[in-house]
A.B. asks: 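One structure, pasted below without further comment.
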Protein chains: 2
Amino acid sequence: MVTLTRSEEDHLKAVYALLQDGESAFTKDIAARLNTKASSVTDMLKKLAEKGFLKHEPYYGAKLTAKGTAHALTLVRKHRLWETFLVERLSFGWDEVHEVAEQLEHISSPKLVDRLDDYLGNPRFDPHGDPIPDRQGKLRVRKTKRLDTCTTGDTVRIAAVSETTDGLLRLLDSKGLRIGSVLTVQELHAFDGSMDVKPKSGAAFSLSKDVSHHLQVESN
Amino acid sequence: MVTLTRSEEDHLKAVYALLQDGESAFTKDIAARLNTKASSVTDMLKKLAEKGFLKHEPYYGAKLTAKGTAHALTLVRKHRLWETFLVERLSFGWDEVHEVAEQLEHISSPKLVDRLDDYLGNPRFDPHGDPIPDRQGKLRVRKTKRLDTCTTGDTVRIAAVSETTDGLLRLLDSKGLRIGSVLTVQELHAFDGSMDVKPKSGAAFSLSKDVSHHLQVESN
DNA sequence: AATAAATATTAGACGAGACTAATAATCGGA
DNA sequence: TCCGATTATTAGTCTCGTCTAATATTTATT
């Protein structure tokens with residue numbers, strides 16, 4: 001059983017994050033994501049290729065092997081489980097857990113991860129609405145995405161609300177939004193992450209990032 | 001605010017563990033504890049002295065400064081809180097938590113530690129009966145020690161039972177032991193950690209390590 | 001198609017943290 | 001007290017992961 005250093009794991013995860021399909025991950029993008037230089041990334045890609053976690057096609061980026069994908073999924077699993085723990089049990093805000101989870105995901109103890117999973121009730125999605133791989137590394141995909149990941153012109157139906165705070169629910173209610181509502185994204189405001197949406201029937205209005213972030217929607 | 005690497009923290013903790021009073025910690029003992037070589041330890045001691053965490057008197061070992069002690073206590077705090085979490089919440093055995101806690105104690109996030117402390121109900125002692133430093137780094141010392149740390153001839157009074165399992169309580173009851181019972185250690189069996197004890201009134205009998213480990217006693 | 005711009009790789013350096021081997025200091029026994 | 005044994009330090013080397021600078025390859029532009 002080959003083990004990876006923290007840096008190797010970081011690179012592997014960056015590659016995984018950049019892919020999300022069969023595409024290649026490019027050196028400069030990995031470097032940007034990790035705040036390092038391209039030359040450092042090249043070195044790491046060679047090492048990871050050596051160890052069988054990915055294929056490195058010089059000048060054409062990297063793609064993961066089955067082994068690499070499997071390992072990346074264990075990292076994603078750990079990251080998302082810890083985020084869930086921090087938010088649900090330790091009352092962290094969903095926007096302040098990332099860097100701590102970034103550290104926790106490198107803790108190596110299969111027993112710990114599985115116990116944590118059970119302790120949390122085997123959650124399927126983390127506080128951000130992203131799916132948590134199961135013990136076998138299977139991602140239970142949800143055909144939905146978060147409203148804040150949609151782009152102008154998308155028409156979608158609200159499928160779930162990932163945080164059931166009174167405040168949020170009342171706010172949605174006041175706008176006439178509920179599970180099943182259909183709406184179209186009219187405009188995105190980059191500077192604060194808010195978006196203007198128009199319900200199928202009725203006038204358009206604005207939703208803050210805090211709100212759109214918690215709305216799981218499916219394409220209509 | 002100076003931050004320490006994992007290795008620096010490990011050395012600092014080793015020094016702290018070897019002291020427990022004003023004595024010096026010696027190079028070879030630190031090396032033995034960390035599974036490294038004496039020369040590596042010397043290098044680290046110099047570096048830690050440089051940073052003001054300890055005084056290094058060449059050939060005469062190291063002693064902690066106030067700053068060093070304070071930092072070591074934050075590590076001890078984290079270690080014991082995580083052990084408590086692992087045992088009380090994730091059902092780890094008290095004998096299998098050490099190495100995982102060894103990793104977790106290096107996670108750097110003051111907020112995380114304090115939240116975890118609250119989540120666990122601000123426990124005063126970890127699953128091994130060792131005191132957990134509070135937010136200010138104060139150790140709330142207990143004048144008691146665990147029965148399994150006693151030696152032949154000690155006469156002590158049972159002050160507390162650190163694990164309140166039905167099984168353990170029934171076992172103690174069947175032996176006629178309860179809070180306040182006074183007993184003398186007659187013999188220690190190194191090969192299994194068991195000990196023979198004699199109650200003030202009554203015949204001697206044997207206690208396994210599993211039992212003596214959970215009995216907090218005070219000198220009589 | 002030629003060349004400039006962007007990106008990637010290679011080569012060489014460096015600091016951190018470990019090691020081995022050589023040297024120095026302290027300790028303990030005759 | 002002297003000398004060997006123990007322990008500590010220093011000197012020099014190695015690996016890892018990063019960097020910068022130089023070179024190579026791909027891409028985009030004219």
Side-chain angles (χ1 to χ4, degrees), chain A residues 1-19 23-64 68 71-72 75 102-103 105-106 108, chain B residues 1-19 23-64 68 71-72 75 102-103 105-106 108:
Chain A
M1 154 115 183
V2 189
T3 59
L4 297 182
T5 64
R6 163 145 195 179
S7 178
E8 287 169 333
E9 288 192 337
D10 283 338
H11 282 79
L12 187 62
K13 224 186 77 169
V15 171
Y16 176 85
L18 287 168
L19 299 186
E23 307 276 314
S24 286
F26 293 101
T27 304
K28 79 165 161 48
D29 301 312
I30 301 168
R33 189 169 267 265
L34 299 177
N35 276 304
T36 60
K37 302 297 177 178
S39 56
S40 311
V41 172
T42 301
D43 288 347
M44 270 306 185
L45 291 182
K46 279 200 229 167
K47 188 190 292 195
L48 286 169
E50 189 80 21
K51 294 189 176 183
F53 289 90
L54 50 80
K55 293 286 182 201
H56 182 213
E57 198 82 48
Y59 296 100
Y60 292 93
K63 42 185 62 171
L64 295 176
H71 194 93
L75 295 173
E102 206 69 23
Q103 294 182 62
E105 78 190 356
H106 295 288
S108 149
Chain B
M1 153 115 181
V2 190
T3 60
L4 298 181
T5 65
R6 164 145 195 180
S7 178
E8 287 169 333
E9 288 193 336
D10 284 338
H11 282 77
L12 187 63
K13 224 185 78 169
V15 172
Y16 176 86
L18 286 168
L19 299 186
E23 306 277 315
S24 288
F26 292 101
T27 305
K28 78 166 162 44
D29 301 313
I30 301 168
R33 189 169 266 264
L34 300 177
N35 276 305
T36 61
K37 301 298 176 176
S39 56
S40 311
V41 171
T42 300
D43 288 348
M44 270 308 185
L45 291 182
K46 279 199 228 168
K47 188 189 293 194
L48 286 170
E50 189 80 22
K51 294 188 176 184
F53 289 90
L54 50 81
K55 293 286 182 199
H56 182 211
E57 198 81 49
Y59 294 101
Y60 292 94
K63 43 184 63 171
L64 294 176
H71 193 94
L75 294 173
E102 205 68 25
Q103 294 182 64
E105 78 189 357
H106 295 288
S108 150

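Proteins get letters first, then strands, A, B, ... in listed order; numbering begins at 1 in each.
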A.B. asks: Could you give the CD1-to-P distance, from B/Ile30 to C/dA18, as a whole number of Å?
C.D. replies: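 After rounding, the gap between these two atoms is 13 Å.
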A.B. asks: Just how far is it from atom NE2 of B/His71 to atom CG of B/Leu54, taken to the nearest 0.5 Å?
C.D. replies: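 With rounding to 0.5 Å, NE2 (B/His71) is 12.0 Å from CG (B/Leu54).
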A.B. asks: What's the spacing between A/Ser7 OG and A/Leu12 CG if we round to 0.5 Å?
C.D. replies: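 These two atoms lie 11.0 Å from each other.
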A.B. asks: Across nucleotides 6-12 of chain D, 5' to 3', mark each nucleotide with B, S or - according to how protein heavy atoms within less than 4.0 Å reach it.
C.D. replies: -SSBB--
A.B. asks: How close or far is atom P of D/dC16 from atom CE of A/Met44, stated in whole angstroms?
C.D. replies: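 Distance, rounded to whole Å: 10 Å.
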A.B. asks: Would you mind reading off the distance between A/Lys37 atom NZ and C/dA13 atom C1', rounded to a whole angstrom?
C.D. replies: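 About 16 Å, once rounded to whole Å.
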A.B. asks: Quick test of your reading of the model: are B/Asp10 and B/Arg6 salt-bridged, counting only N-O distances below 4.0 Å?
C.D. replies: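 Counted as a salt bridge, because a side-chain N and a carboxylate O are separated by less than 4.0 Å.
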A.B. asks: Strictly by side chain to side chain donor-acceptor pair (under 3.5 Å), give each pair with a member in residues 48-61 of chain A just once, sequence neighbours left out.
C.D. replies: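 Side chain to side chain donor-acceptor pair (under 3.5 Å) check on residues 48-61 of chain A returns A/Glu8-A/Lys51.
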A.B. asks: If you measure from NZ on B/Lys13 to NE2 on B/His106, what distance do you get to the nearest 0.5 Å?
C.D. replies: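 Between B/Lys13 NZ and B/His106 NE2, I get 6.5 Å after rounding to 0.5 Å.
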A.B. asks: Working to the nearest 0.5 Å, report the span between CD of A/Glu102 and CG of A/Leu75.
C.D. replies: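 It is 9.5 Å, given to the nearest 0.5 Å.
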A.B. asks: Please tell me if B/Ser7 has a side-chain N or O lying less than 4.0 Å from either OP1 or OP2 of C/dA16.
C.D. replies: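 Negative; the distance criterion is not met.
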